[in-house]
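Presented below is the structure to which this report refers.
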Protein chains: 2
Amino acid sequence: MNSLVEENYLKALFSLSNEHGEVNVNDLSKRLEIKMPTVTSMMKKLAEKELVHYEKYRPVRLSEMGKKAATHIIRKHRLTEMFLVEVMGFGWEEVHDIAEQIEHVKSPVFFNKMDEILGHPSFDPHGSPIPDINGNIHGEQYRKFSECKKGERVKFMAVANSSENFLKFLNTKGLSLETQIEILSVEPFDGTMTVTYGDRPSEVFSKVVCDKLLVV
Amino acid sequence: MNSLVEENYLKALFSLSNEHGEVNVNDLSKRLEIKMPTVTSMMKKLAEKELVHYEKYRPVRLSEMGKKAATHIIRKHRLTEMFLVEVMGFGWEEVHDIAEQIEHVKSPVFFNKMDEILGHPSFDPHGSPIPDINGNIHGEQYRKFSECKKGERVKFMAVANSSENFLKFLNTKGLSLETQIEILSVEPFDGTMTVTYGDRPSEVFSKVVCDKLLVV
DNA sequence: ATAATTTGTTAGACTTATCTAACTTATTAT
DNA sequence: ATAATAAGTTAGATAAGTCTAACAAATTAT
Ligand SMILES: [Mn+2]
Ligand SMILES: [Mn+2]
Ligand SMILES: [Mn+2]
Ligand SMILES: [Mn+2]
């Protein structure tokens with residue numbers, strides 16, 4: 001059985017390798033806000049437990065076992081978020097930090113019950129896919145909105161970041177998942193986009209925001 | 001902020017002082033299945049934090065602050081159990097171990113939402129009172145069923161122990177809270193009781209069982 | 001090619017929570 | 001009153017997870 005701390009390392013390792021391919025000790029250190037020497041020693045420990053492949057001065061890779069363990073925690077995290085929104089009535093901006101804690105609960109029946117009550121959902125409230133019980137993730141690859149061109153009409157499918165502040169910002173802009181967005185113009189200098197959607201005739205989003213919107 | 005471990009000590013301290021008045025290091029050690037020297041050193045630490053009154057070789061008492069902290073965790077534990085049963089559909093025998101973990105979640109909104117969804121319940125699924133948000137516990141003192149006499153008709157209000165095995169036993173006996181029980185006879189030698197309730201014309205309960213049933 | 005910078009490791013310290021062994025104090029039995 | 005037992009403490013060890021300081025390797029810039 002892995003500790004709560006080990007679980008958080010595995011999860012970070014999994015998302016970082018999806019974002020960047022290779023994962024350096026430094027990336028992990030920044031993501032987890034834990035100093036590099038601590039990360040190095042944890043990598044040795046996880047390698048000992050055969051959850052990662054690690055050779056010194058080389059990037060770290062999750063083993064098959066490690067991947068399985070990681071997706072299992074991600075499944076619990078995302079089911080929890082979905083439960084908090086759909087069953088308990090929380091806003092999508094409130095649930096990440098609570099799920100960050102509940103994901104470590106050791107009780108298969110608890111998460112299976114959530115899954116059942118929710119009707120085996122495929123996506124969490126932020127549009128991220130919920131891994132199935134075997135750790136397999138079904139769901140297409142989304143495009144970054146910031147890489148779309150003037151004139152395109154796309155559908156907002158997921159956020160690349162579920163921080164409370166960013167989601168609250170989207171709330172004030174009345175932008176929610178599944179919304180159809182049309183790109184009116186793109187400023188070449190800094191990537192700022194002027195867009196229209198729903199009842200909003202014209203909204204301006206910085207590249208920082210557009211980078212965090214995933215579309216199809 | 002108290003650690004998960006400290007919270008478990010506070011909770012044990014609170015229940016033991018309700019059961020026995022004074023709490024010895026030895027009682028705590030047995031209840032938590034932690035060796036006495038470890039308990040001693042934790043008592044020093046909690047005394048340092050002014051959560052308990054402790055002088056060496058003397059019984060330990062929770063301070064007012066300690067009591068408040070303890071009832072706060074107990075509130076979270078019992079709300080969770082109630083939520084698991086009432087909202088998620090678990091049996092009363094399944095919820096204690098899950099609540100033992102979730103009680104440590106740091107998120108006032110999470111527990112307030114549970115409380116609201118449940119309509120501010122006063123008792124948990126085992127009949128124990130749920131402390132209010134200020135830590136006050138409203139609820140009468142129940143009698144031990146084992147101390148009742150032949151011929152009495154009483155109402156089963158709570159269990160003194162929520163272990164899965166005991167509750168499963170009660171399930172097989174079809175005995176649930178609020179059931180009216182009549183005592184047909186009491187064996188003076190070992191306290192075994194013959195009783196009748198619901199559609200059960202005659203059931204025999206050992207003193208071990210009767211000690212764990214609380215009635216009014 | 002060399003120097004500067006960034007990245008990564010080693011060594012050693014600290015904190016929290018646990019343990020065992022040895023000793024002391026308090027309680028109980030004779 | 002004394003001996004035996006139970007309860008409690010002290011001292012020292014261990015494991016997990018973190019840190020800082022010092023050093024080494026790898027990468028980037030000149
Ligand atoms: Mn999340
Ligand atoms: Mn977490
Ligand atoms: Mn309980
Ligand atoms: Mn607990």
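Order of the sequence lines sets the chain letters (A, B, ...), proteins ahead of strands, with each chain counted from 1.
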Separation of atom [atom1] in [X] from atom [atom2] in [N], rounded to whole Å:
X: A:Arg58; N: C:dT7; atom1: CZ; atom2: C1'; answer: 13 Å
X: B:Tyr57; N: C:dC23; atom1: OH; atom2: P; answer: 14 Å
X: B:Glu22; N: D:dA7; atom1: CD; atom2: P; answer: 15 Å
X: A:Ile34; N: D:dT18; atom1: CD1; atom2: C1'; answer: 8 Å
X: A:Leu4; N: D:dA16; atom1: CG; atom2: C1'; answer: 12 Å
X: B:Met36; N: D:dT9; atom1: CE; atom2: P; answer: 8 Å
X: A:Asn24; N: D:dT27; atom1: CG; atom2: C1'; answer: 12 Å
X: A:Asn2; N: D:dA16; atom1: CG; atom2: P; answer: 13 Å

Without swapping roles, check the side chain of A:His126 against the backbone of A:Trp92 for a donor-acceptor pair under 3.5 Å.
yes
Taking 4.0 Å as the cut-off, does a side-chain nitrogen or oxygen of [X] come that near to OP1 or OP2 on [N]?
X: A:Lys44; N: C:dT10; result: yes
X: B:Tyr54; N: D:dT9; result: yes
X: A:Tyr9; N: D:dT18; result: yes

Name the closest nucleotide to the [X] side chain, picking from [options].
X: B:Lys35; options: C:dC19, C:dT7, C:dT18; value: C:dC19
X: B:Pro37; options: C:dG8, C:dC19, D:dT20; value: C:dC19
X: B:Ser41; options: D:dA25, D:dA7, C:dT18; value: C:dT18
X: B:Thr38; options: C:dT7, D:dT18, C:dT18; value: C:dT18
X: A:Thr40; options: C:dT9, C:dT24, D:dT18; value: C:dT9

Answer yes or no on whether A:Lys113 is positioned over the face of B:Phe90, meaning its NZ or CZ is under 6.0 Å from the six-membered ring centre and within 45° of the axis.
yes
Judged by each residue's nearest nucleotide on DNA chain D, which is more toward the 5′ side, B:Val25 or A:Glu6?
B:Val25
Within 6.0 Å of CD in A:Glu50, more than 12 heavy atoms from elsewhere
no
Crowded around A:Lys49 NZ? As in, over 12 foreign heavy atoms under 6.0 Å?
yes
Test log, rule side chain to side chain donor-acceptor pair (under 3.5 Å), inputs B:Asn8 and B:His104:
CA-CA 9 Å; B:Asn8 284 336; B:His104 305 289; 3.1 Å; yes
